[in-house]
S.K.: 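Questions regarding the structure given below will be posed in turn.
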Amino acid sequence: MDSVPSSHTPKYLYEVTTSSSKHLELAMCPCIGYSNPKIFYSSPQSPFWRLNGLSEEDVNSIMARTVCAKSAFELWGHGRTHSELRNSLLKYPTENMSPFLQKDSTYKINVYTFNKTLEFEDRIKKIDAMEYLSFEGRVNLRNPKHIFCLLEDYGTDPNDIPDEPLYIYFGRWIADGQRELIRSHSVKNRHFIGNTSMDAGLSFIMANHARVKAYDLVYDPFVGTGSLLVACSHFGAYVCGTDIDYNTIHGIGKASRKNQKWRGPDENIRANLRQYGSEKLYVDVLVSDASKPIWRDGVLFDAIITDPPYGIRESTRRTGSQKDSVNSVKPSEDYHVPVSMAYHLSDIFTDLLNFSAHHLVIGGRLVYWLPIYRPEYCEEMVPLNACLRLVSNCEQTLSSHTSRRLITMEKIKEPEETDALAHLSDPHFSPYQGHNAFREKYFSGISKRTLTGKEETNKMATNEH
C-alpha cells in the first residue's frame, strides 16, 4: 500500500462513527448507485477505512447522504509511525499535490485524534513536523480554500491508550457526512412518538439502503408513528403508510412521553412532517391490516421500508373472524364479527415479500428488519422471493442472544404464475417457522440471565456464611 505507481488513482480515507455502524454502512455504496469499492483498514475495529475505486464526485455524493460517516479525505499518505507517514507522503505524486499547494491558495492543517486528547501545543508540534511538505500558500484558519488533516488512531480501548498512535493518516478534506441529521431529527424532540419509534440514525440508514430520492413514492405497511416516513421525506420522497393500530394512526390514546398521560390534539404523523418542513410530501396514512389486500393490482411504489412488529413491545396481530378461531362458537352466517388474531412472524415476512413483488417497480427496493435469535441464526433463515434479489444483510446486535438483520432486496422481475409453483416446490422459498418463536426465545434469554445473576448472588451469600 505504501508504494504509489506513477499512474496513481486517488485513495480516499473514510471515517465512520463506530465499528458497529460499519456493517450497516458497507452496503450503502451499492444501495445509492455505486459498486462496492475496495476497502482496507489497519484493524477490524478501526474507525478509519481506506477506499479505492471511487471518484471524488462519488465520495461527495455518498457524504451528502450518509449519517454513519463523519468525514472523507483524499488520502495522501499513511503509516504506523510518523517516519512511515513521511516516506508515504514523499512518494505521493507531485502532480496530484501541486494544484492544492499553489502560492495563490489558502490552507490550514487540522489534527484529529481518535481515543486520545492532545494538548494544543502538541498539535502545533505535529503540524510543524510536517514542514517537508511544500505548502506555498498562505495559512488561513477561518476560511481556507483547502483543509488538510493529520489523523491519528489510538485504538478503541479507553482504558489502555498507547503513548504513540497505532496508525497515522494525512490527506485533503473533501466533505463531512450528515451526522447533524441525527440530532435535528432526534425522537426526543419529535412532536409525535410511540414506544417503538425508530431511531433517527437508523431511519436515515434505511432510506439510504432503499435509494430513496426526490419524487419517489415510499410506503411503510407497519408505519407506527411514521419515523421512516420522516426520513424518506427528507430526501424529497412522497410518503404513505398503513397500520392496524387505530389509536396510533389517529394520534389518540395514552402518551409515550414521561409526565404526559394522554396524547395532545395535534400529535400525529402529519404533524411530524410539518415539524421538519415536509408536510407537502405527506400522502396519507390508513388504518389497515397488512395481511389483507387493500391496494389495486399493479406496481405502485418506488420503495417499501418498514420495521414489522416482533411481538416484544408491540403485539403481532391481524384481523379475522370468529370462524377463523378454532376455539370459538361458529357464528351465524348473517353477520361478520371481526376479532384480533395472532399474526405469526413467518407469515408477516411471507406477506411482506409477496406484496413487494407485486407492488414495487422494477428496481424498487424493499428494506426491513428481521429479528434473529443469534445462537440459531443461519443465512437460510432470511426469507426469499423469486422476484426479489437480496442486496445486503447487515446485523445490529440487540443483546448477547438476539439481534436484528437489516435486509435490503431489489425487485428484478414481475411475478408470474410459475413463481407460485416454484415457491411450493423449492424449500428455499418456504417460510422459516423458527421466526414464530422469537418472542419466547427473547424472554427465555432474559430469564436465563436473571437466574444466573440470582445464582451468583446466592453463591456469594453462601460463601460469606
S.K.: Do the side-chain N and O atoms of Asp58 and Ser55 include a donor-acceptor pair separated by under 3.5 angstrom?
M.R.: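 A pair is found: one side chain offers a donor N or O, the other an acceptor, under 3.5 Å apart.
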
S.K.: Are Arg86 and Leu90 close enough that some pair of their side-chain heavy atoms sits under 4.5 Å apart?
M.R.: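 Yes, side chains in contact.
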
S.K.: Run the side chain to side chain contact (heavy atoms under 4.5 Å, CB included) test on Tyr154 and Leu118 for me, step by step, so that the C-alpha distance in whole Å, both residues' side-chain angles and the decisive distance to 0.1 Å come before the verdict.
M.R.: CA-CA 11 Å; Tyr154 287 87; Leu118 295 181; 4.3 Å; yes

S.K.: Could you tell me whether Tyr310 and Trp369 have their ring centroids closer than 6.0 angstrom?
M.R.: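 No; Trp369 has its ring centre 6.0 Å or more from that of Tyr310.
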
S.K.: Where is the tightest heavy-atom contact between Ile407 and Val382, given as atom of each residue plus distance?
M.R.: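 Answer, listing the atom of Ile407 first, then Val382: CD1-CG1, 4.0 Å.
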
S.K.: Roughly how far, to the nearest 0.5 Å, is the CG atom of Asn110 from the CD1 atom of Ile147?
M.R.: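 It is 6.5 Å, given to the nearest 0.5 Å.
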
S.K.: Evaluate the side chain to side chain contact (heavy atoms under 4.5 Å, CB included) criterion for residues Val218 and Ile304: first the C-alpha distance (whole Å), next the side-chain angles of each, then the deciding distance (0.1 Å), finally the verdict.
M.R.: CA-CA 6 Å; Val218 179; Ile304 296 173; over 6 Å; no

S.K.: Is it true that atom NZ of Lys254 has more than 12 heavy atoms of other residues, nucleotides or ligands lying nearer than 6.0 Å?
M.R.: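 Counting other residues, nucleotides and ligands, NZ of Lys254 stays at 12 neighbours or fewer.
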
S.K.: Examine Arg405 relative to Tyr368 and say whether NZ or CZ is less than 6.0 Å from the centre of the six-membered ring and inside a 45° cone about the ring axis.
M.R.: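 No, Arg405 does not sit over the ring of Tyr368.
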
S.K.: Are any of the side-chain heavy atoms of Cys387 and Leu353 separated by less than 4.5 Å?
M.R.: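 Cys387 does not reach Leu353 side chain to side chain.
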
S.K.: Would you confirm whether Asn60, through its side chain, and Glu56, through its main-chain N or O, come within 3.5 Å as a donor-acceptor pair?
M.R.: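 Yes; judged by distance alone, with no hydrogens or angles, the pair exists.
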
S.K.: Is the shortest side-chain N to carboxylate O distance from Arg270 to Asp284 below 4.0 Å?
M.R.: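 Result for this pair is no, no salt bridge flagged.
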
S.K.: Where is the tightest heavy-atom contact between Phe235 and Ala207, given as atom of each residue plus distance?
M.R.: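 What the structure gives for the nearest pair is CE1-CB, 3.9 Å.
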
S.K.: Tell me whether Asp243 contacts the main-chain N or O of Gly224 through its side chain, where contact means a donor paired with an acceptor under 3.5 Å.
M.R.: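 Yes, the answer is positive, given that a donor and an acceptor are paired below the 3.5 Å cut-off.
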
S.K.: Looking only at non-hydrogen atoms, find the nearest pair between Asp176 and Ser71 and report the distance.
M.R.: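 Between these two residues, the closest heavy atoms are OD1-OG, 2.7 Å.
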
S.K.: Would you say Asp216's side chain and Lys213's backbone share a donor-acceptor pair under 3.5 angstrom?
M.R.: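 Yes.
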
S.K.: Between Tyr238 and Tyr282 (judged by ring centroids, cut-off 6.0 Å), do the two rings come close enough to count as a pair?
M.R.: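 Ring centroids of Tyr238 and Tyr282 are no less than 6.0 Å from each other.
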
S.K.: Are Tyr276 and His185 an aromatic pair by the rule of ring centers under 6.0 Å?
M.R.: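 Between His185 and Tyr276, which both carry aromatic rings, the centre distance is below 6.0 Å.
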
S.K.: Between Asp302 and Arg365, is there a salt bridge with N-O shorter than 4.0 Å?
M.R.: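 No salt bridge links Arg365 with Asp302.
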
S.K.: Short question: side chain of Thr350, backbone of Ser346 - any donor-acceptor pair under 3.5 Å?
M.R.: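 At least one qualifying donor-acceptor pair exists.
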
S.K.: For the pair Arg374 and Glu395, find out whether any cationic side-chain nitrogen is under 4.0 Å from an anionic carboxylate oxygen.
M.R.: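 Result for this pair is yes, salt bridge flagged.
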
S.K.: What about His78 and Phe170, are their ring centers closer than 6.0 Å?
M.R.: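 Here the rings of Phe170 and His78 have centres that are no less than 6.0 Å from each other.
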
S.K.: For a quick check under 3.5 Å, do His82 and Glu152 share a side-chain donor-acceptor pair by atom type?
M.R.: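 Yes, because at least one side-chain N or O of His82 sits under 3.5 Å from a partner of the opposite role on Glu152.
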
S.K.: Would a line drawn from the ring center of Tyr169 to the ring center of Trp49 be shorter than 6.0 Å?
M.R.: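 No, they do not, as the ring centres are separated by 6.0 Å or more.
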
S.K.: So, for Phe100 and Phe135, is the gap between ring centers shorter than 6.0 Å?
M.R.: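 Distance test on ring centres: not under 6.0 Å, no.
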
S.K.: Answer whether the closest heavy-atom distance between the side chains of Leu384 and Leu388 falls below 4.5 Å.
M.R.: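 Side-chain contact under 4.5 Å: no.
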
S.K.: For residues Val223 and Leu228, determine if any side-chain heavy atom of one lies less than 4.5 Å from a side-chain heavy atom of the other.
M.R.: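 Sidechains of Leu228 and Val223: no contact.
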
S.K.: Could you check whether any side-chain N or O of Ser184 sits under 3.5 Å from a backbone N or O of Glu180, counting only pairs where one atom can act as donor and the other as acceptor?
M.R.: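 Side chain of Ser184 to backbone of Glu180: a pair is present.
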
S.K.: Which value, rounded to the nearest 0.5 Å, describes the distance between Asp153 atom CG and Asn115 atom CG?
M.R.: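 Between atom CG of Asp153 and atom CG of Asn115 there are 8.0 Å.
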
S.K.: To the nearest 0.5 Å, how far apart are OH in Tyr107 and CG in Asn140?
M.R.: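 Taking OH in Tyr107 and CG in Asn140, the distance rounds to 11.0 Å.
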
S.K.: Whether the side chain of Thr242 engages the backbone of Pro221 through a donor-acceptor N/O pair (distance < 3.5 Å, no angle test) should be reported.
M.R.: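 At least one qualifying donor-acceptor pair exists.
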
S.K.: Below 4.5 Å, heavy atoms only, C-beta onward: do Ser278 and His234 meet side chain to side chain?
M.R.: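 Not in contact.
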
S.K.: Counting distance only, does the side-chain N/O of Ser399 pair as donor-acceptor with the main-chain N or O of Thr402 below 3.5 Å?
M.R.: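 Looks like yes, one N/O pair under 3.5 Å.
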
S.K.: Would a 4.5 Å heavy-atom cut-off, applied to side chains only, mark Asp199 and Val187 as touching?
M.R.: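 They are not in contact (no side-chain heavy atoms under 4.5 Å apart), so the answer is no.
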
S.K.: How many angstroms lie between CZ in Phe192 and CZ in Arg274, if you round to the nearest 0.5 Å?
M.R.: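 Going from the CZ atom of Phe192 to the CZ atom of Arg274 covers 12.5 Å.
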
S.K.: May I ask you to decide if Cys68's main-chain N or O and Arg179's side chain share a donor-acceptor pair within less than 3.5 Å?
M.R.: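 A pair under 3.5 Å: no.
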
S.K.: What about the rings of Tyr167 and Phe48, do their centers lie closer together than 6.0 Å?
M.R.: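 For Tyr167 and Phe48, the ring centres are not under 6.0 Å apart.
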
S.K.: So, do Glu267 and Gln260 sit near enough that their side-chain heavy atoms are less than 4.5 Å apart?
M.R.: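 Of all side-chain heavy-atom pairs linking Gln260 with Glu267, at least one is under 4.5 Å.
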
S.K.: Verify, without hydrogens or angle tests, whether His358 (side chain) and Asn354 (backbone) share a donor-acceptor contact under 3.5 angstrom.
M.R.: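 Yes: the side chain of His358 pairs with the backbone of Asn354.
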
S.K.: Minimum heavy-atom separation for Leu281 to Leu273, with atom names?
M.R.: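 Looking at all heavy atoms of both residues, the shortest contact is C-CD2, 4.5 Å.
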
S.K.: Main chain of Ile62, side chain of Thr66: is a donor-acceptor contact present, judged purely on distance under 3.5 Å?
M.R.: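 No; zero donor-acceptor contacts below 3.5 Å.
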
S.K.: Begin from the C-alpha positions of Ser197 and Thr225 and carry the test side chain to side chain donor-acceptor pair (under 3.5 Å) through to its verdict.
M.R.: CA-CA 6 Å; Ser197 293; Thr225 56; 2.6 Å; yes

S.K.: If you count heavy atoms of other groups shown closer than 6.0 angstrom to CZ of Arg389, is the number above 12?
M.R.: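 More than 12 within 6.0 Å, yes.
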
S.K.: How long is the span from the CD atom in Glu74 to the CE atom in Met97, to the nearest 0.5 Å?
M.R.: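 So the gap between those two atoms works out to 9.5 Å.
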
S.K.: For the residue pair Asp163 and Lys116, what are the closest heavy atoms and their distance?
M.R.: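 Result for this residue pair: O-NZ, 3.1 Å.
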
S.K.: Are Phe301 and Tyr219 an aromatic pair by the rule of ring centers under 6.0 Å?
M.R.: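 So the answer is yes for these two rings.
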
S.K.: What are the two closest heavy atoms between His209 and Thr408, and how far apart are they?
M.R.: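 Nearest heavy atoms, His209 then Thr408: ND1-OG1, 3.0 Å.
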
S.K.: If only side-chain N and O atoms count, and only distance matters, is there a donor-acceptor pair under 3.5 Å linking Asp351 with Ser291?
M.R.: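 Judged by distance alone, the side chains do not pair up.
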
S.K.: Examine Arg172 relative to Phe73 and say whether NZ or CZ is less than 6.0 Å from the centre of the six-membered ring and inside a 45° cone about the ring axis.
M.R.: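 No, cation not above the ring by the 6.0 Å, 45° rule.
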
S.K.: Count the heavy atoms of every other residue, nucleotide or ligand shown that sit under 6.0 Å from OH of Tyr132, and state whether that count exceeds 12.
M.R.: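 Above 12, so yes.
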
S.K.: Do Phe148 and Met130 touch side chain to side chain, with heavy atoms closer than 4.5 Å?
M.R.: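 Not in contact.
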
S.K.: Just how far is it from atom CG of Leu370 to atom CG of Asn393, taken to the nearest 0.5 Å?
M.R.: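 That separation rounds to 7.5 Å.
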
